[in-house]
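Okay, so here's the structure we're looking at.
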Amino acid sequence: MQSDLIDGKLISQLIKDEVREQTAALRAQQNVIPGLAFMLVGEDPASQTYVASKERACEYCGFHSTTLRLPESTSEEEILGRIDTWNIDPDIHGILVQLPLPKHVNEDRVIEAISPRKDVDGFHPISVGKLVIGQECYLPCTPAGIQELMIRSGVETAGKHVVIVGRSNIVGKPIANILLQKAAGANAIVTVTHSAAKDISIYTRQADILIVATGRVNTVTADMVKDGVVVIDVGINRVNDESRPKGYRIVGDVDFEGVREKASMITPVPGGVGPMTIAMLMKNTYQAAVRSSAQR
Ligand code: NDP
């Protein structure tokens, strides 16, 4: 059997097209333009690339965006001050501080300074707490993207055993909490495994749906999954490949070629979960603008 591919590139494009249409309507009917503010501290090349793609997505969706680029040496006080200014700016509906921040800055303090109403990244402890207890909140973008991929690909999660490999605060823990909720697109039986497990295959073999987010190439191979499993590979890893112009290629955390022979559906890397993160950021920001316009 060769599995069906879950096409994150296509689904993310559909979402951005929907947001673009809704944004045009919001603008026409209420004269509101979703506004997203980015803060980029330092010169990290990966962060610069991420912010550039997010800026392009804002432009595509018809949002207003502004990017504050600050030097590596910027003090925490200055960063917090800038966030305060955005918190009260009525034209800014979402605030995104690109992580990681320089070592001398306390990331937790910075995230907590963002108003939960503008926390479109979904990392504020209030957003995290609301997610856990099932209240409406901004869901963190990558896990929200995973749920959306499954919904739009017709993957039923209710009553299914979802096994998640990895327990980070940005992927593993939030996707576990999202899929655990007694709600549409969720209601799963969830197991989370991580590096303390002696043998993760004991868990991965039981999965109806397997979500892998470890940042390690080949964490999951074909012998570790059962026939018909749905596989969501969150990993983004560079491996050397001299046949490519850049000298490397991007692979996930799952042995794609082996596992696709057993899986019913699988996300490719690249082109699976990756593009969904920005699409969900656009969706969250649009929703933030709608909510703020309802409060005017
Ligand atoms: P972290 O490094 O923060 O967490 C990795 C998790 O995997 C940890 O919980 C760790 O366990 C666990 N782990 C590591 N190795 C193993 C192993 N061999 N067996 C079992 N568990 C293991 O990574 P992130 O969650 O931030 O990211 C994971 C991957 O997803 C990365 O490749 C990253 O690039 C990618 N990613 C992709 C995104 C996107 O598509 N937009 C967004 C975010 C991440 P322990 O807790 O015990 O250390």
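Order of appearance sets the numbers: ligands from 1, and atoms from 1 within every ligand. Hydrogens, waters and symmetry mates are skipped; everything else that's a heavy atom, side chains included, is used.
Of the charged side-chain nitrogens involved, at least one lies within less than 4.0 Å of a carboxylate oxygen, so that Glu148 and Lys283 count as a salt-bridged pair. A salt bridge links Glu136 with Arg291: at least one charged nitrogen is closer than 4.0 Å to a carboxylate oxygen.
Taking a 4.5 Å side-chain heavy-atom cut-off between Ile, Leu, Val, Met, Phe, Trp and Tyr, the cluster of Val254 extends to Leu5, Val163, Val165, Ile200, Ile202, Tyr203, Leu210, Val212, Val220, Met224, Val225, Val229, Val231, Phe256, Val259, Ile266. Through direct or indirect side-chain contacts shorter than 4.5 Å among Ile, Leu, Val, Met, Phe, Trp and Tyr, Ile88 is connected to no other residue.
Proximity of Glu76 to Arg109: side-chain heavy atoms (C-beta onward) are separated by under 4.5 Å at one or more points. Taking the side chain as every heavy atom from C-beta outward, Met265 and Ile232 never approach each other to under 4.5 Å.
From the protein, the heavy atom lying nearest to atom 41 (N) of ligand 1 is Thr277 OG1, 2.7 Å. Ranking the protein heavy atoms by distance from atom 37 (C) of ligand 1 puts Val234 O, 3.3 Å first. Here the heavy atom of the protein found nearest to atom 42 (C) of ligand 1 is Thr142 OG1, 3.3 Å. The protein heavy-atom contact nearest to atom 22 (C) of ligand 1 is Thr214 CG2, 3.6 Å. What sits closest to atom 45 (P) of ligand 1 on the protein, heavy atoms only, is Ser195 OG, 3.4 Å. Residue, atom and distance of the protein heavy atom nearest to atom 34 (O) of ligand 1 are Ile236 O, 3.6 Å. For atom 15 (N) of ligand 1, the closest non-hydrogen atom on the protein side is Arg216 CG, 3.5 Å.
Proximity annotation for atom 46 (O) of ligand 1: of His194, Met276, Arg167, Arg167 comes nearest, heavy atoms only. Here the shortest heavy-atom distance to atom 12 (C) of ligand 1, taken over Ala196, Gly272, Ser168, Gly166, belongs to Gly166.
Under the 4.0 angstrom criterion, atom 27 (O) of ligand 1 counts as lacking any protein heavy-atom contact.
Of all the heavy atoms of Asn169, none lies under 4.0 Å from any atom of ligand 1, so neither backbone nor side chain is involved.
Below 4.0 Å from some heavy atom of Gly274 lie the following atoms of ligand 1, by number and element: 40 (O), 41 (N). Those atoms of ligand 1 with a heavy atom of Val165 less than 4.0 angstrom away are 20 (C), 21 (N). Close contacts of ligand 1 with Ile170, meaning ligand atoms under 4.0 Å from a residue heavy atom, involve 26 (O), 43 (C). Near Val171, meaning under 4.0 Å from any of its heavy atoms, are these atoms of ligand 1: 25 (O), 43 (C), 44 (C). Listed by number with element, the atoms of ligand 1 under 4.0 angstrom from any heavy atom of Gly215 are 28 (C), 29 (C), 31 (C), 32 (O).
Of the possible donor and acceptor atoms, none in the side chain of His93 sits under 3.5 Å from a partner among the backbone N and O of Ala288. Put simply, the side chain of Arg205 gets close to the backbone of Asp223: a donor and an acceptor are under 3.5 Å apart. In this structure a side-chain-to-backbone donor-acceptor pair under 3.5 Å is present from Asp119 to His124.
In the model, Ser264 has no side-chain atom that pairs as donor or acceptor with a side-chain atom of Ser3 under 3.5 Å.
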